[in-house]
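Source: prediction; values computed, not measured.
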Amino acid sequence: MNNNPEENENQEDKPNASSIVEKIQQLGQSNIPQAPDSNIHVLSIIGQVEGHIQLPPQNKTTKYEHLLPQLIAIEQNPKIEGLIILLNTVGGDVEAGLALAEMIASISKPTVSIVLGGGHSIGVPIAVATDYSFIVPTATMTIHPVRLTGLVIGVPQTFEYLDKMQERVIQFVVQHSNIKEEKFKDLMFAKGNLTRDIGTNVVGKDAVEYGLIDQVGGVKDAMSKLTAFIGTNNGAEGGVIQ
Amino acid sequence: MILYTPLAQHDIFPVEQGGFSNVEHIAYDGRMIYAIKTKDGSYQIQQLVSTDPQDYLRKEFSPGSILS
């Protein structure tokens, strides 16, 4: 400890000085050159899809109360011409996931999704909700039955409720992708693919083979597909306006 | 609430909690931001929630930068 008192004082001054500098920076707002507005917006579905109960904070979550208004804003803003959905999710709340999927499916503007890393469970309906879906070769999608843990009051009723909930997920996926209902159910209830569990882990190319996802590809493919969609949209509009 | 995920229950709901409790979501310049409230009352950006890809290129929204 050879620090002299002066140095200690300096150290104490530092936080103060830096906070003053910060305040000056905040008040003296400089104009930042703005990039031109992007006509393509990006929505990332990350971590857990959060439902009505706020998950503990160590979970990275996608909150529907943030995303649903953004989707409305995208629909409403005439400057936005297309939407890319980036997925790296482990699934989550069924109803929040279906809500997001239905919102994406009912947007009038062209939408494209890319599954990166993982698009598991409730990520599957979100991925297929777009006009065209991509999956990178290394991404996976786990398809498994909807489950419930914890205390169950009224077993037959709960079973029926769960079964209907699962049916909603299956119907949505079948309606918005090229996979057959039989095939999707086969994958969902397959044994031996996930150790000690029922379901299938579908990797990039297989997802396309099953008809779940439209194409294997990344950013380049997704962007060119979206610009092509936007082009045909604009072309159609241009034809009407005289 | 029914969670449809391959994760185990205890991964999502750990026994002991706390730690990240100072993270708040706030609106700044019309954008939704997750920020950590620092000791001096200012906010440090942790995550930006926006659909505009250009927002992510803006310096003031980069993770770690401090708001007033």
Legend entry - Heavy atoms from other residues, nucleotides or ligands near CD of A:Glu65 exceed 12 (cutoff 6.0 Å): yes

Legend entry - Those residues of residues 153-163 of chain A, ordered by number, that approach chain B below 4.5 Å (heavy atom to heavy atom): A:Tyr161, A:Leu162

Inset, instruction - Report the option among A:Ser121, A:Ala73, A:Gly91 that has the most heavy-atom pairs separated by less than 4.5 Å from atoms of chain B. - result: A:Ser121

Legend entry - From A:Ile122 atom CD1 to B:Leu3 atom CG, the distance as rounded to the nearest 0.5 Å: 10.5 Å

Legend entry - Closest-packed option against chain B by number of heavy-atom pairs under 4.5 Å, given A:Ile84, A:Thr89, A:Val90: A:Val90

Legend entry - Interface moiety of A:Asp93 toward chain B, non-hydrogen atoms closer than 4.5 Å: both

Legend entry - Residue A:Ile46 versus chain B: region with a heavy atom under 4.5 Å: side chain

Legend entry - Among A:Lys63, A:His120, A:Gln48, A:His66, residue most engaged with chain B (heavy-atom pairs, under 4.5 Å): A:His66

Inset, instruction - Could you grab the distance from atom CD of A:Glu50 to atom CD1 of B:Ile12, nearest 0.5 Å is fine? - result: 11.0 Å

Inset, instruction - Identify which of A:Gly51, A:Ala96, A:Gly92, A:Ser44 forms the greatest number of heavy-atom pairs closer than 4.5 Å to chain B. - result: A:Gly92

Inset, instruction - May I ask you to decide if A:Gly123's main-chain N or O and B:Tyr4's side chain share a donor-acceptor pair within less than 3.5 Å? - result: no

Legend entry - Heavy-atom neighbours of A:Met223 CE exceed 12 at 6.0 Å: no

Inset, instruction - Measure the spacing between CD1 of A:Ile40 and OG1 of B:Thr51 and express it to the nearest 0.5 Å. - result: 12.5 Å

Legend entry - Residue B:Leu7 versus chain A: region with a heavy atom under 4.5 Å: side chain

Legend entry - Minimal non-hydrogen separation, A:His144 against B:Pro6, with atom names: NE2-N, 3.7 Å

Legend entry - Minimum-distance pair of heavy atoms, taken over all atoms of B:Thr5 and A:Arg147: O-NH2, 3.6 Å

